[in-house]
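Contents: one structure, followed by commentary.
For clarity, every value in this text was computed on a predicted model and none was experimentally measured. A note on names: the letters A, B, ... follow the listed sequences, proteins ahead of strands, and every chain is numbered from 1.
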Protein chains: 2
Amino acid sequence: MDKQRIIEISRLLANPTRLQILEWLKAPEKNFPPQEVVKGFEDGVCVTYIQRKAGLSQSTISTYLSNMSKCGLLILTRHGKWSYFKRNEETFKAYSAFFL
Amino acid sequence: MDKQRIIEISRLLANPTRLQILEWLKAPEKNFPPQEVVKGFEDGVCVTYIQRKAGLSQSTISTYLSNMSKCGLLILTRHGKWSYFKRNEETFKAYSAFFL
DNA sequence: TTGATATATCGGTATTTGTCGATATGTTTG
DNA sequence: CAAACATATCGACAAATACCGATATATCAA
């Protein structure tokens with residue numbers, strides 16, 4: 001992982017709401033209500049659930065998730081009109097390794 | 001390591017110069033000229049050497065180092081009028097572990 | 001004690017970020 | 001197709017950050 005990427009990721013991690021979302025997504029089944037359209041959390045959690053729990057505006061959360069996805073921290077899977085986001089553990093591993 | 005600390009550290013890491021300094025300090029003997037007043041790099045590198053190499057103003061680098069030290073990323077050791085900074089590997093370990 | 005040197009802190013300004021409401025886009029359903 | 005819904009994008013503005021030069025503080029040397 002190159003330095004530019006480390007910087008972008010660090011910037012995204014330096015925000016309480018974004019960090020909290022990433023923590024919630026470590027255990028979606030414990031932090032979000034059951035999902036019905038796509039059963040389970042294999043593809044992650046939809047924007048609406050995350051937005052409600054975070055309490056910021058829809059546009060803010062949508063942008064947060066989109067940016068984290070562009071940076072590789074999250075993986076986006078669309079099902080119809082829903083967007084599901086889950087953690088990309090590979091990116092977290094590579095990021096962590098950079099500092100050791 | 002609590003979330004507030006993770007955020008402060010992430011913020012400090014999200015800057016090219018600060019990140020570069022932390023990289024240089026992984027191998028001081030390879031990245032800085034030999035030190036004479038305090039032999040070797042056991043206590044780290046002095047502000048002047050880091051400032052010259054980074055190319056930003058003295059005040060900026062001094063503030064960067066001070067902030068990274070306050071956050072536990074660096075360890076400050078004073079010898080007379082010199083301040084030496086070295087990495088605090090324990091903090092990097094704890095920070096890294098948070099994301100896994 | 002005085003001057004020189006190393007570092008720290010202060011005050012200012014340009015740039016970036018956080019966050020919103022409004023609006024656009026895309027998908028499903030009747 | 002039209003309405004409803006989920007998400008994305010845009011434009012704005014307040015707050016935070018990146019830097020600088022000037023100055024203060026602390027130590028060493030003469």
Collect all protein-nucleotide pairs involving nucleotides 11-16 of chain C in which both atoms are nitrogen or oxygen and the distance is under 3.5 Å.
none

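- If you measure from atom CZ of A/Phe85 to atom C1' of D/dA8, you get 10 Å, rounded to the nearest angstrom.
- A donor-acceptor pair under 3.5 Å is absent between the side-chain atoms of B/Lys86 and the main chain of B/Phe41, judged by distance alone.
- Distances shorter than 4.0 Å separate none of the side-chain N or O atoms of A/Tyr84 from OP1 or OP2 on D/dA6.
- Comparing the local axis fitted to the first five base pairs of the helix from C/dT1-D/dA30 to C/dG30-D/dC1 with the one fitted to its last five gives a bend of 20°, rounded to 10°.
- Separating the CD1 atom of A/Ile61 from the P atom of C/dC20 is a distance of 8 Å, rounded to the nearest angstrom.
- As rounded to whole Å, 15 Å separates atom C1' of C/dG18 from atom CG of A/Leu65.
- Distance CE (B/Met68) to C1' (C/dA8): 15 Å, rounded to an integer number of Å.
- Listed by first and then second residue, the side chain to side chain donor-acceptor pair (under 3.5 Å) pairs involving residues 18-28 of chain B are A/Lys3-B/Gln20, B/Glu23-B/Lys26 (not counting sequence neighbours).
- One atom, OH of B/Tyr64, and another, P of D/dT17, lie 12 Å apart when rounded to the nearest Å.
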*List the steps and the verdict of side-chain contact (heavy atoms from CB on, under 4.5 Å) for B/Leu74 and B/Leu25.*
CA-CA 10 Å; B/Leu74 295 178; B/Leu25 291 178; 3.7 Å; yes
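- DNA chain C is contacted by B/Cys46, B/Val47, B/Thr48 of residues 42-52 of chain B, taking any non-hydrogen atom closer than 4.0 Å.
- Taking OG1 from B/Thr91 and CD1 from B/Ile75, the interatomic distance works out to 7.5 Å, rounded to the nearest 0.5 Å.
- Screening residues 89-100 of chain A for salt bridge (charged side-chain N to carboxylate O under 4.0 Å, His left out) gives A/Arg87-A/Glu89, A/Glu90-A/Lys93 as the qualifying pairs, with residues at least two apart or on separate chains.
- Of the two residues near DNA chain C, A/Thr63 and B/Lys70, the one whose nearest nucleotide lies more 5' is B/Lys70.
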Which atom pairs, one a donor and one an acceptor, fall under 3.5 Å between side chains of residues 77-84 of chain A and the rest of the protein, sequence neighbours left out?
residue : atom : partner : partner atom : Å
A/Arg78 : NH1  : A/Ser83 : OG           : 3.4
A/His79 : NE2  : A/Asp43 : OD2          : 2.7

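- No donor-acceptor distance shorter than 3.5 angstrom exists from the side chain of A/Gln58 to the backbone of A/Gln51, with no hydrogens or angles considered.
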*Give the C-alpha distance, both sets of side-chain angles, the deciding distance and a yes or no for side-chain contact (heavy atoms from CB on, under 4.5 Å) between A/Ile9 and A/Phe98.*
CA-CA 12 Å; A/Ile9 292 177; A/Phe98 182 87; over 6 Å; no
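- Following rounding to the nearest Å, B/Asn67 (CG) and D/dC19 (C1') show an atom-to-atom distance of 13 Å.
- Scored by the side-chain contact (heavy atoms from CB on, under 4.5 Å) test, A/Thr63 finds A/Asn67 as partners (sequence neighbours excluded).
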_Where protein sits on nucleotides 21-30 of chain D, one letter per nucleotide: B base, S sugar-phosphate only, - none, heavy atoms under 4.0 Å_ = BB----BS--
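- With sequence neighbours left out, the side-chain contact (heavy atoms from CB on, under 4.5 Å) criterion links A/Ser96 to B/Ser96, B/Phe99, B/Leu100.
- Near DNA chain D, meaning a heavy atom under 4.0 Å from it, residues 12-25 of chain B has B/Asn15, B/Arg18 in order of number.
- Minimum interatomic distance between A/Pro16 and B/Ile7 (heavy atoms only, all atoms of both residues): CA-CD1, 3.4 Å.
- Taking each heavy atom of B/Gln35 and B/Gly44 in turn, the nearest pair found is NE2-O, 2.9 Å.
- Atom CD1 of B/Ile50 and atom CG of B/Leu65 lie 5.0 Å apart (nearest 0.5 Å).
- Taking B/Glu8 as the reference, B/Gln4, B/Cys71 meet the side-chain contact (heavy atoms from CB on, under 4.5 Å) condition, with sequence neighbours excluded.
- Residues passing the side-chain contact (heavy atoms from CB on, under 4.5 Å) test with A/Arg52, sequence neighbours excluded: A/Thr48, A/Tyr49.
- Considering every non-hydrogen atom in both A/Met68 and A/Ile21, the closest pair reads CE-CG2, 4.3 Å.
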